[in-house]
Every structure is written in structure tokens, then in C-alpha cells.
Amino acid sequence: MRKMIVAGNWKMNTSVDEGIELIKQLKELISKHDTSAKEVITFPPFTHLWEFGKQLSESQIFLGAQNFCYEPKGAFTGEISATMLKSCGCNYVLIGHSERRQYFNESNELLAKKLNTAIENELLPIYCCGESLEEREAANHFKIIEKQINEGVFHLNENNFKKVVIAYEPIWAIGTGKTASPEQAQEIHNFIRSMIEKKYDKSIAENTSILYGGSVKASNAKEIFAKADIDGGLIGGASLKPEEFNNIINSI
Ligand code: PEP
């Protein structure tokens, strides 16, 4: 059975003190209910990871990083390696978020290298894909997603692919308040699952978690997560509000 996941991407928000306060509130809220059937992950900024690693070590919340460098170590000023993330207690990494593709020119080729490094270092990758508004309006969205997955992920062998979580995040729905309709999201999730089945096999496709991201809120989460091929969400803005995020978690 595939994992149901709710992941919070804090992006470049909160000071360390604000972050500690926020994670304390979230821990408290989550401790009141049983989350054993789902995985909750938080992706704070790098500066928070060491402290969060300690704060979350005994909790039901997993820790992840928003980015890292594919090189193992050395003269790469300003970069953070996979082993550094592991030493802070990270279990997960985000790869290919649209903001990194868009503002930092991260290509599918670079993301494929990051995926290899994550897996070599036993960090579980959440690989993001998704089309822009122009690409959707030109009816190119299937092609774009196919290319992002073919070039970024499908070089992996079966064993390594099984460690990957995919997140479908239409760029036009991220931080805009516009959500893909549950039917639009389901259509793409189903398309991704059928690509996985063609490349690997049915059982691998059935066991791959595919998350939806793009303006998910407590008010729309239930409807989105109810779709057959949607296995949870990658949440940006709403993950910075503990009660709202907790309600999203409870929508699964
Ligand atoms: C994201 O950052 O991955 C995201 C989906 O953001 P938001 O929920 O704010 O649209």
C-alpha cells in the first residue's frame, strides 16, 4: 500500500525563533490525533534544520530540506551537502520545486544528479513537476510533465525508483490562490501513474505516492485528497499556519 503524505514547504519564511514556536504548536496539535496511517513532513529553511532535528526526533513529524547540492563536499561556497542534511536529522529532500526551476535555472539534467545523490545518501526525494499557465493553455501540459519525469527520474532502476515520491504542482496554482480542480489534478496524477506503469510495472506504479501541490487549504483538501490517484499534498502557504496545516493533515 502506498503512503499518504502531507508535507509542508515553508520556503524562505520565518526566523529561527518564529520557526521553533510554529513547530511547537504543530507538534502539540498533531499529538492529539493518530497520524500512524500517514506521513507528515516539514521542510523549513536550512537555518532551522539542526534545532528541528532535535525537536522532532521523538515526534510523528519527519524533517526535510528544500534544497541541497549534488556534490558530496568541497569548494562549493554557499552550498549544503546531503551528508550535512543527514547530520541534522533530515529524512527527506525536495527536488525540482518549480521555484528552483524558474528562479535558479535548475534543469532536468541537474535534478537527475540531485536525485542520485539523495538516494546514495538515503534521503527520500520528493520530485516536483508541473506546467506553467502558458503550457497548459497551449495544451502542452502532458508533454511537459512527461519530459520532466523522463529526464529527471526515469534513469533510476526499479529499486531506486521505489524510494521516490512525485509531487504534481501546476505552477499556475502555486501561491496564487488558484487550485487545479480535483478532476484536473486527478487527470494528471493518473497520467503520471500510467507513465510509471509503462516504464516499470503495475505494482511499482500502484505503490508510488503522488502528491498534489498548489494552493491547498483546509477548505479544499478533502475534495482533492479523495481522488483515487492523489496520495496527499505538498503545502506551501497554509503550512505556515499550524491549525490550518493540522486540519489539512486531518483531511486524509
Ligand atoms: C509549494 O510551495 O509547493 C506550494 C504548493 O505552495 P502553495 O501551497 O502556497 O501554493
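In each ligand, atom 1 is the first atom listed, and ligand 1 is the first ligand listed.
Sorted by chain and number, the residues within 4.0 Å of ligand 1 by heavy atom are N9, K11, H97, E169, A173, I174, G175, G213, G214, S215, L234, I235, G236, G237.
To the nearest 0.5 angstrom, L211 atom CG is 14.5 Å from Y127 atom OH.
Listed by first then second residue, pairs satisfying side chain to side chain donor-acceptor pair (under 3.5 Å) with a partner in residues 144-168 read N108-E151, N116-H155, E131-Y168, R136-Y168, K147-E151, N160-K163, not counting sequence neighbours. Among residue pairs with one or both ends in residues 48-90, those qualifying as ring pair (Phe, Tyr, Trp, His ring centres under 6.0 Å) are W10-F52, H48-F52; sequence neighbours excluded.
The ring of Y212 has its center no closer than 6.0 angstrom to the ring center of F225.
Contacts of S209 classified as side chain to side chain donor-acceptor pair (under 3.5 Å), with partners at least two apart in sequence or in another chain: none.
Salt-bridge annotation for K227 and E183: present, with a side-chain N of the basic residue lying under 4.0 Å from a carboxylate O of the acidic one.
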